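Naming convention: chains lettered A, B, ... in sequence-line order (proteins, then strands); numbering from 1 in each chain. It should be emphasised that the depicted structure is a prediction, and the values quoted were computed from it without experimental measurement.
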Amino acid sequence: MSETLVQVEHLQQYFPGGGYGKNKKYIQAVDDVSFTIEKGETLGLVGESGCGKTTTGRTLLRLYEPTGGRFVFDGDVIFDVEKKIYTHMLPYRKRMQIVFQDPYASLDPRMTVGDIVGEAIDVHKMAANKQERYELIIEMLQRVGLNSEHANRYPHEFSGGQRQRVGIARALAVKPEFIVCDEPISALDVSIQAQVINMFEDLQAEMGLTYLFIAHDLSAVKHISNRIGVMYLGRMVELADSYELITQPLHPYTKSLISAIPIADPKAAKASKRIVLEGDVPSPLNPPSGCRFRTRCPYADEQCAQEIPKWREAENNHYVACHHIDRVN
Amino acid sequence: MSEYLVDIKNERLSFFTPVGEVKALNDVSIHLKEGEVLGIVGESGSGKSVTAYSLMGLTAHPGKLIGGSLMFNGHQIDQMSDKEMRKIRGNEISIIFQDPMTSLNPVYTIGNQIMEAILLHTDKNKAQAKERAKELLELVGINEPLKRLKQYPHELSGGMRQRVMIAIALACEPKLLIADEPTTALDVTIQAQILELMMELKEKLGMAIIMITHDLGVVASMCERIAVMYAGKVIEYGTADDIFYNPRHQYTRGLIRSIPRIDTKEHERLIPIEGTPVDLLNPPKGCPFAPRCEACMKICLREMPPVTNFGEVHYTQCWLNQKEEMEKGAANE
């Protein structure tokens with residue numbers, strides 16, 4: 001029986017969006033998002049820019065203070081906004097880490113790679129002396145396919161793919177159990193993306209890691225994830241096993257998202273029919289009432305404007321939030 | 001006059017930077033007939049954008065054309081002065097840039113920016129130009145065009161701005177539209193809208209398109225011909241079917257293999273291309289791909305391979321292909 005490592009309930013993250021007093025507005029970046037991740041599992045999170053997938057990852061690590069919801073990590077409550085429980089994060093930072101999107105901006109240009117990786121080791125006092133610290137750093141660099149001579153170099157001396165490896169080594173240095181991968185491959189060239197994806201898989205097998213893998217590239221997410229969650233404008237609209245989600249999507253948004261992916265195969269591309277959505281994503285400052293997708297949904301009706309669709313299990317382990325699944329399918 | 005709309009022959013272009021000469025384009029030949037769609041794919045720094053920009057006479061400062069000839073629609077682009085070039089640019093050739101957020105001028109209205117191209121290249125007066133700008137916005141699928149003409153770029157979303165860029169590019173009904181990663185900065189659902197629009201407009205107006213992208217999926221659905229570039233060279237060229245179903249160069253094969261497929265049930269491990277892209281300041285002596293190539297031979301490290309033809313269109317630059325074809329030829333005799 002597998003164990004649940006990450007349990008998120010009704011996560012909410014609102015940012016102040018201008019205005020004072022009664023007129024104060026909020027950007028509803030994440031609203032009522034719930035999911036669980038088993039030990040050793042990879043959960044993919046996809047959606048368009050501004051849908052709240054990055055915010056979800058960052059809020060879990062308390063890089064933002066959550067405005068609502070509950071997060072239980074391996075049985076310990078990390079935060080519970082309703083009960084006003086906020087755990088001291090330092091011991092947990094060792095167990096949860098993050099790999100950022102942009103390998104050019106997320107490494108301090110004035111620190112050597114060795115120090116970037118070593119900083120985490122220092123903070124958590126993981127090395128007894130200098131020698132041990134050095135050995136740990138080299139071990140991490142080798143794990144991600146770099147070698148000991150790289151430790152004395154600065155980030156600008158590396159290519160994008162190598163920098164992303166440094167970012168991963170930094171996250172791994174504290175031997176975490178759970179890593180939030182925030183678009184770790186989207187800044188890389190196609191031929192390098194496959195290298196990094198393979199490395200994530202190898203590390204997971206070796207170290208038993210659990211990933212929350214955030215990306216907008218559905219084919220990469222499908223490749224690496226066991227299950228995939230689809231977000232739209234701050235809400236989760238569908239969550240299912242990755243193969244099932246791709247082949248039998250239930251939510252109209254997921255359907256159009258999948259059909260919009262350009263297929264690298266000319267015959268299949270000509271044969272497939274795209275469902276092209278009209279219009280743009282509405283502003284999270286003032287999201288549509290009821291179902292947030294209704295303004296672009298071909299199936300929307302009066303009910304969609306009135307009621308927020310319930311998050312329910314439509315099929316075995318296949319969750320969806322839509323009023324009209326029967327009509328859509 | 002040549003049969004091609006675009007005929008680039010043996011183009012060489014270098015950037016003379018303080019640290020040395022960067023050979024951005026090394027013997028590039030590309031041709032394109034009227035109404036055709038050509039895709040140029042490659043990684044960052046492979047020279048795909050530089051090729052297209054040089055065709056518009058837009059090579060940035062330390063860059064210099066040092067060889068080859070560029071013909072477009074009967075004009076010898078490489079011999080033309082800036083003044084002559086200005087008459088063609090935006091008129092016969094237009095370009096859509098990658099980033100719609102930065103390529104529009106934030107202090108002019110949308111209408112102003114569309115009308116600029118019309119007033120510059122035609123003898124329409126202001127009222128007629130405005131009328132034409134309104135038509136163009138309708139053409140690219142923007143609703144309430146009269147209201148939009150008065151708006152500024154920051155008031156529009158990314159997808160809308162890219163539509164405006166396309167409207168500007170099409171203002172004078174160009175013969176050739178260059179699209180430099182037109183959808184890279186956009187979300188997939190918006191990308192689908194823009195690609196659909198471009199194909200529709202191509203049918204309507206019959207212009208040729210050069211589509212520059214790193215996304216093989218985008219070229220698969222749009223392009224008839226595809227050029228694969230690596231380190232300033234076209235290493236494989238062919239029809240879409242040639243490239244996707246019968247790729248011959250190891251790099252093209254690797255590129256196609258390394259894309260995760262969305263429709264497989266079993267978990268297949270990706271096969272990446274090992275190594276890192278070339279440093280163009282110190283390119284390897286022989287074939288630029290040799291250090292990353294699985295099938296690298298001794299000669300690959302010494303000399304640049306010649307062109308191997310597999311038919312009328314399809315060709316590669318690879319010693320392995322050269323060897324295979326020679327062996328095949330010998331066996332036939």
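- Among A/Ser242, A/Ala260, A/Ala220, the residue with the largest count of heavy-atom pairs under 4.5 Å with chain B is A/Ala260.
- For a residue to count as touching a neighbouring chain, one of its non-hydrogen atoms must lie under 4.5 Å from one of that chain's; by this rule A/Val190 touches chain B with backbone and side chain alike.
- To the nearest 0.5 Å, atoms CD (A/Gln162) and OG1 (B/Thr276) are separated by 6.0 Å.
- Between A/Pro266 and B/Val219, every side-chain heavy-atom pair lies at or beyond the 4.5 Å cut-off.
- Of the atoms belonging to B/Gln193, heavy atoms from both backbone and side chain fall under 4.5 Å from chain A.
- Distance check, rounded to the nearest 0.5 Å: CD1 of A/Ile261 to OG of B/Ser221 gives 12.5 Å.
- Ranked by heavy-atom pairs under 4.5 Å with chain B, the first of A/Gly47, A/Ser256, A/Ser219 is A/Ser219.
- Residues A/His216 and B/Val188 form no side-chain contact, since every pair of their non-hydrogen atoms from C-beta on lies 4.5 Å or further apart.
- Residue with the most contacts toward chain A among B/Ile259, B/Thr189, B/Leu216, B/Leu186: B/Thr189 (heavy-atom pairs, distance under 4.5 Å).
- When heavy atoms are compared at a cutoff of 4.5 Å, B/Asn143 does not approach chain A at all.
- Counting heavy atoms from C-beta on, the side chains of A/Ile192 and B/Glu274 never come closer than 4.5 Å.
- Between A/Lys267 and B/Phe244 the shortest side-chain heavy-atom distance does not fall below 4.5 Å.
- Using a 4.5 Å cut-off between heavy atoms, A/Thr247 makes no contact with chain B at all.
- Side-chain polar atoms of B/Ser258 and A/Gln193 form no donor-acceptor pair below 3.5 angstrom.
- Heavy-atom pairs under 4.5 Å with chain B peak, among A/Asp265, A/Ile263, A/Leu218, at A/Asp265.
- Summarising the geometry of A/Gln195 relative to B/Gly275, their closest heavy-atom pair is NE2-O, 3.0 Å, with the distance given to 0.1 Å.
- Contact of B/Arg292 with chain A is made through the side chain alone, with heavy-atom distances under 4.5 Å.
- Top candidate by heavy-atom pairs under 4.5 Å with chain B, chosen from A/Ser159, A/Gly50, A/Ser49, is A/Ser49.
- By the neighbour-count criterion of 12 heavy atoms within 6.0 Å, atom CD of B/Glu138 is densely surrounded, having more than that number from other residues, nucleotides or ligands.
- Most heavy-atom pairs under 4.5 Å with chain B, from the set A/Val276, A/Asn198, A/Asp217: that is A/Asn198.
- A/Lys222 NZ to B/Arg261 CZ: the interatomic distance, rounded to the nearest 0.5 Å, is 10.0 Å.
- Highest contact tally toward chain A, considering only B/Ala240, B/Ala192, B/Gly159, B/Ser44, is held by B/Ser44 [criterion: heavy-atom pairs under 4.5 Å].
- For A/Glu149, the CD atom counts as densely surrounded, since its 6.0 Å shell holds more than 12 non-hydrogen atoms of other residues, nucleotides or ligands.
- Interatomic distance, CZ of B/Arg269 versus CG of A/Asp202, reported as 4.0 Å (0.5 Å rounding).
- No part of A/Glu244 comes within reach of chain B, as not one of its non-hydrogen atoms sits under 4.5 angstrom from that chain.
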